[in-house]
Structure formats: C-alpha cells, structure tokens
Amino acid sequence: MNVVFCKIRRKRKFAVQSICISLFLCIFSICVIKSLSWISDKHNNQFERIIRVSHFCEDFKDTQFETVPYNIVNLRIIVIVYNRATSLRRLLDSLNKAHYFGDKIALHVWIDRSKNGTIDSNTYGAASDFTFQHGQYYVHNQTCHVGIYGQWMGTWYPKSNSSEFAVILEDDLTVSPYFYKWLKLVHMKYDNYSNVNGYSLQGISIKHGATQSGYLEVNETHKIFLYPVLGTWGFSPNNRNWRAFSDWYLEVRRDPKFRPLVPGIHPSVWYKKQLAKGHQDHMWSMWFIYYAWMNRELTVYSNFKGHKGLTVNWKEHGLHYSENDSKRSPDPLLVDWKPEYEDLPERPVIIDVNGRERWRPE
Ligand SMILES: *[C@@H]1O[C@H](CO)[C@@H](O)[C@H](O)[C@H]1NC(C)=O
Ligand SMILES: *[C@@H]1O[C@H](CO)[C@@H](O)[C@H](O)[C@H]1NC(C)=O
Ligand SMILES: *[C@@H]1O[C@H](CO)[C@@H](O)[C@H](O)[C@H]1NC(C)=O
Ligand SMILES: *[C@@H]1O[C@H](CO)[C@@H](O)[C@H](O)[C@H]1NC(C)=O
Ligand SMILES: *[C@@H]1O[C@H](CO)[C@@H](O)[C@H](O)[C@H]1NC(C)=O
Ligand SMILES: *[C@@H]1O[C@H](CO)[C@@H](O)[C@H](O)[C@H]1NC(C)=O
C-alpha cells in the first residue's frame, strides 16, 4: 500500500516537472519564432525592397519611405503598369467583373516612372478614376524608374505568417471572371506540395525546349499540369517560395558575373541575346526559371478545353512584343465554369519543356 502511494507521488512530481519543462520550451520557441518573423518583417517595406531589386534607383537607396498599408486579406491583386492608360482601364474593368465570393480583396496598382522620372498623367488618371467594387484599392507611384525587375520582384513580399496569396498582372492582360475561383482551388490543393512554386493563369504557352517550337498540347484528360517554366501572363506565386526566391535574388545579384542560364531551354538563348544588347534588365523571369530549375520546382497550369485561359494577353507593343503581335486575334478566355473543374488530381502530370508527359521530375 505504502509503496504504491510513494510511486504515485513520485510519478506526480515527475509529471509536474515535465509539464514545467515543456511549458518553458514552448514559450522559448514561440519567442524565437516571433523574433525571427519580426526580423524578417522589419525589412518588409515594399518601396525599400523595390529599390533594392531594381537596377536603376541608386540615388534613392537612403530614402525614408512611406509604408504600404497591408491589412489582412484573402487575395492581393498586384497590377503593374507603365504608360498604358487604355490597357490599364481594360484590365481594371475585367477585375471588377470577376467573382470574389465576398472574400477580402485588396487591389494595388503600381505605376512605374519613366527613366527621366515622370509619371504618365493619363495612366495615373486611369488608375485614380477607377472604383474597385470588391475591396480595398490603392494606387502607388513608384519612387524612381524601377523597370520590370522592380515591378515584378519588389511589389509583393508576404509576411512569414501571412495566409494571403497574390496574383501579379501586367497591364496588357484581362482576366477571366473565374480567375479567383480557380486560384483559390489550386492554392488550397497544392500550396503544401513542396515542388510547386506557383500558378500561371495563361491558357497558351509555348514549349521552351531548345530544339522545340510550337505550343504545349496536353491531353484533355488532365485538368491541370505541372511545367518547369513559369507563365507570366498572370502569375500567382506560392508564398513560401516567393519569399525564398526574393531573398535568393537579392543575394546572388550582388555578384555581377552571375548568369542565371539553364541548359537546353529557349529562355537562356533569349536572355543571352538581351545581354548582348545590354538589355539584361528586361527579363526578370530568367531568374525565376533558374531558381526553379536549381530547386526542381514546377508551376501549375490549367488545361481547359481549346486552350481557354484565365487571362488574355493583348500583346501590345512594348518590352515583350512588336507592333505586329498586337494585330493577331486575342486568345480564348474561360467565361463559363463547370463543377468538373473542381475535381483536381492528387498526382498531377508533369509536362517537360519539350511537351512530353512525365510523372516525376527529371
Ligand atoms: C520623359 O519621358 C517620357 C516617356 O519616355 C516622355 O514622354 C517625356 O517627354 C519625357 N519628359 C522629359 C521632360 O524629358
Ligand atoms: C502620382 O503622380 C501623379 C502624376 O504625376 C500625381 O498627380 C500624384 O499626386 C502622385 N501621387 C502621389 C501620392 O505622389
Ligand atoms: C502576423 O504577425 C504580425 C506581427 O508579428 C501580427 O501583427 C499579425 O496579426 C500576424 N498575422 C497573422 C495572420 O497571424
Ligand atoms: C497536403 O495537405 C493535405 C490535407 O491536409 C494532405 O492530404 C496531403 O497529403 C498534403 N500533401 C503533401 C504533399 O504534403
Ligand atoms: C488522352 O489520354 C487518354 C487516357 O489516357 C487516352 O485514351 C487518349 O488516347 C489520349 N489522347 C491523345 C490525343 O493522346
Ligand atoms: C510588321 O508587318 C509589316 C507588314 O507585314 C512589315 O513590313 C514590318 O516589317 C513588320 N514589323 C515588325 C516589327 O516585324
């Protein structure tokens, strides 16, 4: 009897001790995690990041910037624009027509400056006259000419604990009314796949293999597919991956000799051509493609019938297209939703840069 009682007391003492120890460990690790996220979020001023990723803003490095308001939202839409008032109006109107299911949405328009420092007043007018019917709306003038690098890589850097996701849209796109419905589905389904770096909204993409040409044709039985090269006609990054990519870029860009070239693909050829012309600041995506290749990551694409996309690219004269591209008829857009689109595979097919099916990364 006595022995049993003693044992129980000893057990209880032991239990109290272990509860104390685990409580301490718990509080300690919460403190560590909090301070780590505080350290990384301290450098979260968006204007400051933009200046750091851009090649053009040396004179502004020591500026004190206003902070961008970042309330908790479900979706953050980042529109990047440069001197294209008409296109911007068309994109913003399509964003108003999309379905958001009462979710919390923020829309940011980032207007780049010209190299001589001016903001195009028509573009600013188009942005400031617009009323967003589905949530918060912000218009930001860039501090200096930040170029396509600053616009793409600096305008979104989610907090480490944030559950929002973003979509980055160039001004010459329009969106499908269902773009957010699809994004919600795929984020929910694939955000915890460690090899998925984001979601592309375009319905048409070329094959990127060095010896291939033509468009990707994926068997209709696949509702979505994974592909090694991102599509930039509307891209929604995976948060964890985008933070890691942004941090990596700021590190490697310090070495002026570093070239993000991936063997065996067309984008490397284009990048080299841009380099030869002194235009390496035109192709930010090469860095993303390289990062994905290095880490064996893939991008999710939709595969709707007839190449219908969640965006249309109007291919306007600018950095990426010549005058004649814009004369082609626009690509098809997804305007109807069917319940079968919601049945997404656990193990999506992988399409390689030559358009062939694979089930595991090379
Ligand atoms: C600045 O650049 C813009 C766009 O390139 C041009 O339209 C404008 O005339 C320039 N302004 C000055 C003062 O040079
Ligand atoms: C942005 O630029 C426009 C056009 O130059 C100007 O009218 C507006 O005041 C600027 N906004 C801010 C917040 O600087
Ligand atoms: C994230 O952390 C910040 C500060 O550390 C806090 O203010 C914010 O409420 C947190 N957000 C979420 C979604 O937990
Ligand atoms: C992702 O999460 C879901 C549901 O929580 C789980 O069923 C699935 O196995 C996870 N996938 C991976 C790759 O971790
Ligand atoms: C698509 O896949 C299905 C099922 O595997 C197959 O029966 C069909 O022949 C394929 N279609 C084409 C055009 O390859
Ligand atoms: C556009 O098309 C016209 C007529 O077909 C041609 O003369 C011109 O060289 C083309 N321009 C470019 C930039 O390809």
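Both counts, for ligands and for their atoms, begin at 1 and track the order of listing.
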- Task: Just say parallel, tilted or perpendicular for the rings of W182 and Y199, cut-offs at 30° and 60°.
- Result: perpendicular
- Query: Should the ring pair W242 and F235 be called parallel, tilted or perpendicular, given that the plane angle runs from 0 to 90° and is split at 30 and 60?
  - Reply: tilted
- Measuring from each atom of ligand 2, which residues have a heavy atom under 4.0 Å away? I119, Y124, N141
- Which pairs, with at least one residue in residues 113-207 and sequence neighbours excluded, count as a disulfide (SG to SG under 2.5 Å)? C57-C144
- Partners passing side-chain contact (heavy atoms from CB on, under 4.5 Å) against D255 (at least two apart in sequence or in another chain): K257, F258
- Note on the structure: Sequence neighbours excluded, the answer for side-chain contact (heavy atoms from CB on, under 4.5 Å) partners of D120 is N83, N122, T123
- Looking only at non-hydrogen atoms, find the nearest pair between V81 and Q151 and report the distance. O-NE2, 3.2 Å
